[in-house]
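So you know, we letter chains A, B, ... as the sequences are listed, proteins then strands, and number each from 1. Side chains included, hydrogens not; waters and symmetry mates left out as well; all remaining heavy atoms used.
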Amino acid sequence: MNALLDPLTPAQREAVQHVDGPLLILAGPGSGKTRVVTHRIAYLLEQGVAAGQILALTFTNKAAEEMAIRLQPLVPGTSVWMSTFHRFAAKLLRAHAPLVGLSENFTIYDTQDSRHVLRRVLDELDLDTPHVTPERIVSAISRAKNNLVTAEEYARRPGDPLSRIVAKVYPAYQRRLLASAAVDFDDLLLHVAQLLRNCPEVRQTLDERYQYILVDEYQDTNRAQYVILRAMSIDYPNLAATGDPDQSIYGWRGADLNNILEFEHDFPDVRIVRLERNYRSTQRILRIADALIAHNTRRKQKDLYTENDEGAPVRLVAYGSHKEEAQGIVARIAKEVDAKRRRPRDFAIFYRVNALSRAIEDALHEQGIPYQMIHGQEFYQRKEIKDVLAYAELVNNPRDDAAFFRVINTPTRGIGKKSVERLTEHATRRGLPLLEAAREAGLVESLSSRAAVNVAKFVAMIDRIGEVSHGAVEEVLGTVLSASGMREILANSESEEDQNRLANIEELLTAAREFDTQNPGDSHLEAFLEQVCLVNETDDWEAETDKVTLMTVHAAKGLEFPVVFIIATEEGLMPHERSKNDLSDLEEERRLLFVGITRAAEQLQLSYAVYREFRGQRRRTVPSSFLMELPRHEMELVESRASSSFPAADWEVPDYERPHYEQPDDEQPDDAEKVVGSLIQKTTPEPLMTAALTTAAEMVGDAVDDRAAAATDRFVQGMAVTHPEHGLGKIVALSGDGPRRKATVAFVTAGEKKFVLSKSPLRPARRR
DNA sequence: TCATGACTAACTGTT
DNA sequence: TTAGTCATGA
């Protein structure tokens with residue numbers, strides 16, 4: 001009788017029917033979260049809540065879009081605002097820019113732009129920073145902003161050497177941004193948080209306007225986002241958060257797991273709904289995921305279950321090389337597609353880092369299988385695109401020095417480094433934006449007359465573009481191309497690269513044209529620029545097109561596919577190199593794999609390559625320690641035949657158990673692969689290792705002998721261990737006691753080696 | 001002083 | 001692989 005509620009389970013219905021008061025939906029993967037959220041919005045509307053009072057915030061454009069699409073059939077033509085945090089913040093800031101010391105035509109700098117600014121600032125400050133890379137400073141500033149620490153506050157705090165440098169750089173960087181009327185991504189949130197804190201009227205207005213706020217992926221909110229949400233939920237505390245601590249994968253961006261873990265403290269009368277039934281994956285996939293995530297210590301226990309079929313075993317494949325991995329996977333896809341059992345769109349391939357996509361792309365290309373790759377902001381990061389946009393930015397915001405630097409000599413027009421330096425000096429002296437300083441080029445004595453003429457021509461060109469800046473966006477960009485000479489130069493170039501650039505620019509013009517059509521009327525340049533820098537290619541991702549999807553595991557969050565391949569499950573990649581020294585980072589990597597695994601509905605394959613090309617060098621890899629945590633007997637273990645060098649025998653263990661699964665006969669094209677025994681030690685319960693992150697050797701270093709003895713005691717026969725050089729291995733023999741205790745270890749890749757435990761860097765492979 | 005080509009070092013993830 | 005730096009020739 002009620003189309004909204006009838007198709008829901010009791011738990012889902014409880015969440016949907018909740019109207020007033022805080023709500024926390026703990027939603028496991030595949031538990032119908034989006035459905036609950038969209039149905040709840042529809043329900044609110046049905047209860048008489050005005051569409052304008054509802055605000056749905058997500059992290060990605062993709063998620064926002066997905067929500068909008070799913071809401072359409074429930075409430076056709078509704079105008080509930082669904083937006084990413086950053087987009088929401090940008091809109092808000094445009095309306096209140098002066099309150100935070102900005103002009104409303106402010107520019108949003110992406111990561112690349114902000115790094116350039118930082119470089120300039122570093123040059124200017126002339127700091128001697130021997131071991132501190134700009135990268136580290138950038139991320140320190142970013143972290144500070146995400147934690148709402150302003151430049152002034154930062155400078156006041158004592159700290160380590162890095163902090164002391166940052167304390168100098170951060171304020172200078174911030175001054176530079178404000179002088180350029182620019183914000184970086186983090187500023188969008190920081191400024192809004194401060195706005196809400198410092199302007200009670202604004203806060204109150206927004207709180208009242210958005211009485212029903214819904215937040216997706218709450219586990220990924222950082223302090224700034226948290227403060228924004230809290231500030232808008234005081235008079236109308238109807239904040240509805242959905243999230244899953246096990247899917248928190250943005251710690252590096254400042255996401256604070258405490259926000260979700262302590263939601264109950266923040267909102268004492270919160271209603272908590274748990275969605276634990278999984279509608280997506282097979283039992284086998286879910287068990288694998290569950291076994292993996294159970295190794296994390298910092299989590300809220302959830303009992304995921306599904307009533308779906310048992311499903312096919314999860315495959316774990318060892319390929320000989322990254323090429324074989326790519327070709328093997330693509331061959332599998334091709335086979336299924338040819339047999340009309342599946343369509344390209346049923347498949348997704350996930351990887352930890354973007355660089356891994358290349359081999360897969362090549363293989364797909366070779367086989368002529370259509371694919372789409374989600375690659376962050378790749379398109380808008382291209383040099384030629386950024387160049388064109390920078391002209392437009394400069395016209396829109398003449399104080400945008402970063403844009404000025406970008407275009408002043410692009411394409412080259414005889415204004416070299418030295419001339420730009422002199423212009424900059426002049427600008428600093430007079431306290432002018434660079435474009436203004438350039439207008440006075442004739443007055444800058446140090447500037448050669450030739451350079452001065454060129455600068456004057458440049459200014460005239462910018463003004464020419466400025467004349468059309470209030471027209472259609474396509475016209476603006478077209479003028480940029482002709483006035484700057486870019487079009488001519490590229491068109492006359494022989495090189496294929498330049499032809500590609502031209503094609504990319506054409507694509508940008510198409511995007512501009514579409515934007516013009518969607519936003520009739522004039523003066524939309526600013527909106528276009530904002531859209532462009534806050535989108536990523538994900539927006540182009542079409543669930544409807546019939547293509548294989550390639551993306552990072554991060555990008556995969558929130559999506560699902562019938563068949564999922566996760567490649568390169570190797571030490572150093574998954575978990576990533578940089579996470580290995582920190583338990584919480586390592587747990588985040590584990591959650592990342594958990595997210596990847598739980599995207600799969602019907603079939604899942606994890607794989608690694610025994611050899612992988614790395615920075616141009618072929619290197620032997622070590623299988624991911626996470627693989628050791630998966631229930632081996634649930635899986636089909638496959639060794640790709642070409643990888644004959646794989647030393648499976650070394651790795652077989654006495655209590656080795658054959659996989660239950662036999663390959664069905666019709667899987668013939670798989671004959672390049674054969675099922676082998678356990679590549680991976682069965683995950684029998686091992687003694688709980690409390691000090692597992694310290695090796696025995698480390699403990700001897702600064703502790704008494706019996707501690708060392710106790711430490712060597714934790715190594716037991718059959719235990720999986722890792723060695724920094726030899727990688728993953730298992731203990732096959734032990735002798736001696738205390739500090740003299742010795743172990744013989746069989747490594748996956750390096751054969752058998754003997755160690756004095758207290759002196760070796762060996763450590764248990766499974767860390768708890 | 002500028003442009004170009006060679007060399008080198010770094011390389012996670014996303015808004 | 002690529003962006004940034006360095007050296008060289010114009």
Which sits closer to the 5' end of DNA chain B, A:Ile415 or A:Ile249, going by the nucleotide each is nearest to?
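Whichever sits nearer the 5' end wins; that is A:Ile415.
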Find which nucleotide of DNA chain B each of A:Glu588 and A:Arg422 is nearest to by heavy atoms, and output the residue with the more 5' nucleotide.
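So the residue in question is A:Arg422.
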To the nearest Å, how far apart are [X] [atom1] and [N] [atom2]?
| X | N | atom1 | atom2 | result |
| --- | --- | --- | --- | --- |
| A:Glu361 | C:dT1 | CD | P | 13 Å |
| A:Leu573 | B:dG13 | CG | C1' | 13 Å |
| A:Phe59 | B:dG13 | CZ | P | 19 Å |
| A:Lys91 | B:dT15 | NZ | P | 16 Å |
| A:Leu356 | C:dT1 | CG | P | 13 Å |
| A:Arg612 | C:dT1 | CZ | P | 14 Å |
| A:Ile489 | B:dT4 | CD1 | P | 10 Å |
| A:Leu593 | B:dG13 | CG | P | 17 Å |

Return yes if the base of B:dT12 and the side-chain atoms of A:Arg578 contain a donor-acceptor N/O pair under 3.5 Å, otherwise no.
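Check fails, no donor-acceptor contact within cut-off.
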Does A:Thr111 make a side-chain donor-acceptor contact with the base of B:dT15, cut-off 3.5 Å?
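Between B:dT15 and A:Thr111, which were checked side chain against base, a qualifying N/O pair under 3.5 Å is present.
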Can you sort out the partners of A:Trp252 under ring-ring contact (aromatic ring centres under 6.0 Å, His included), two or more places apart, ordered by chain and number?
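Here the qualifying residues are A:Tyr250, A:His554.
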Apply ring-ring contact (aromatic ring centres under 6.0 Å, His included) to A:Tyr391 and list each qualifying residue two or more places apart in sequence or on a separate chain.
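For A:Tyr391 there are no ring-ring contact (aromatic ring centres under 6.0 Å, His included) partners, ignoring immediate neighbours.
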Checking side-chain polar atoms at under 3.5 Å, does A:Thr58 have a donor or acceptor matched by the opposite partner on A:Glu217?
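Side chains of A:Thr58 and A:Glu217: no pair found under 3.5 Å.
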Does [N] have OP1 or OP2 under 4.0 Å away from a side-chain N or O of [X]?
| X | N | result |
| --- | --- | --- |
| A:Asn354 | B:dT14 | yes |
| A:Thr60 | B:dT14 | no |
| A:Thr133 | B:dA10 | no |

What closest approach, in Å, do A:Phe185 and A:Cys533 show between heavy atoms, and which atom pair accounts for it?
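A:Phe185 and A:Cys533 have their closest heavy atoms at CZ-O, 3.6 Å.
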Sugar-phosphate only, base, or nothing, as touched by [X] at under 4.0 Å among non-hydrogen atoms:
| X | result |
| --- | --- |
| A:Ser448 | nothing |
| A:Phe85 | nothing |
| A:Asp186 | nothing |

Which nucleotide, [options], lies nearest any side-chain atom of [X]?
| X | options | value |
| --- | --- | --- |
| A:His554 | B:dT4, B:dT1, B:dT14 | B:dT14 |
| A:His86 | B:dT15, B:dT12, B:dC2 | B:dT15 |
| A:Lys418 | B:dT14, B:dT12, B:dC2 | B:dC2 |

Can you tell me how far apart OG1 (A:Thr150) and OH (A:Tyr170) are? Round to the nearest 0.5 Å.
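The OH atom of A:Tyr170 is 6.0 Å from OG1 of A:Thr150, to the nearest 0.5 Å.
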Salt bridge (Lys or Arg N to Asp or Glu O under 4.0 Å) involving A:Glu577 - partner list, sequence neighbours excluded
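Expected list: A:Lys580.
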Partners meeting salt bridge (Lys or Arg N to Asp or Glu O under 4.0 Å) with A:Arg599 (sequence neighbours left out):
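With sequence neighbours excluded, A:Arg599 shows a salt bridge (Lys or Arg N to Asp or Glu O under 4.0 Å) to no residue whatsoever.
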Aromatic ring of A:Trp252 stacked on base six-ring of B:dG13, 5.5 Å, 30°
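Given the distance and angle limits, yes, they stack.
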Considering only residues two or more places apart or on different chains, which pairs with a residue in residues 403-420 of chain A satisfy salt bridge (charged side-chain N to carboxylate O under 4.0 Å, His left out)?
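Checked against salt bridge (charged side-chain N to carboxylate O under 4.0 Å, His left out) - neighbours excluded - the pairs reaching residues 403-420 of chain A are A:Asp387-A:Arg406, A:Lys418-A:Glu421.
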Where protein sits on nucleotides 2-10 of chain C, one letter per nucleotide: B base, S sugar-phosphate only, - none, heavy atoms under 4.0 Å:
--SS-----
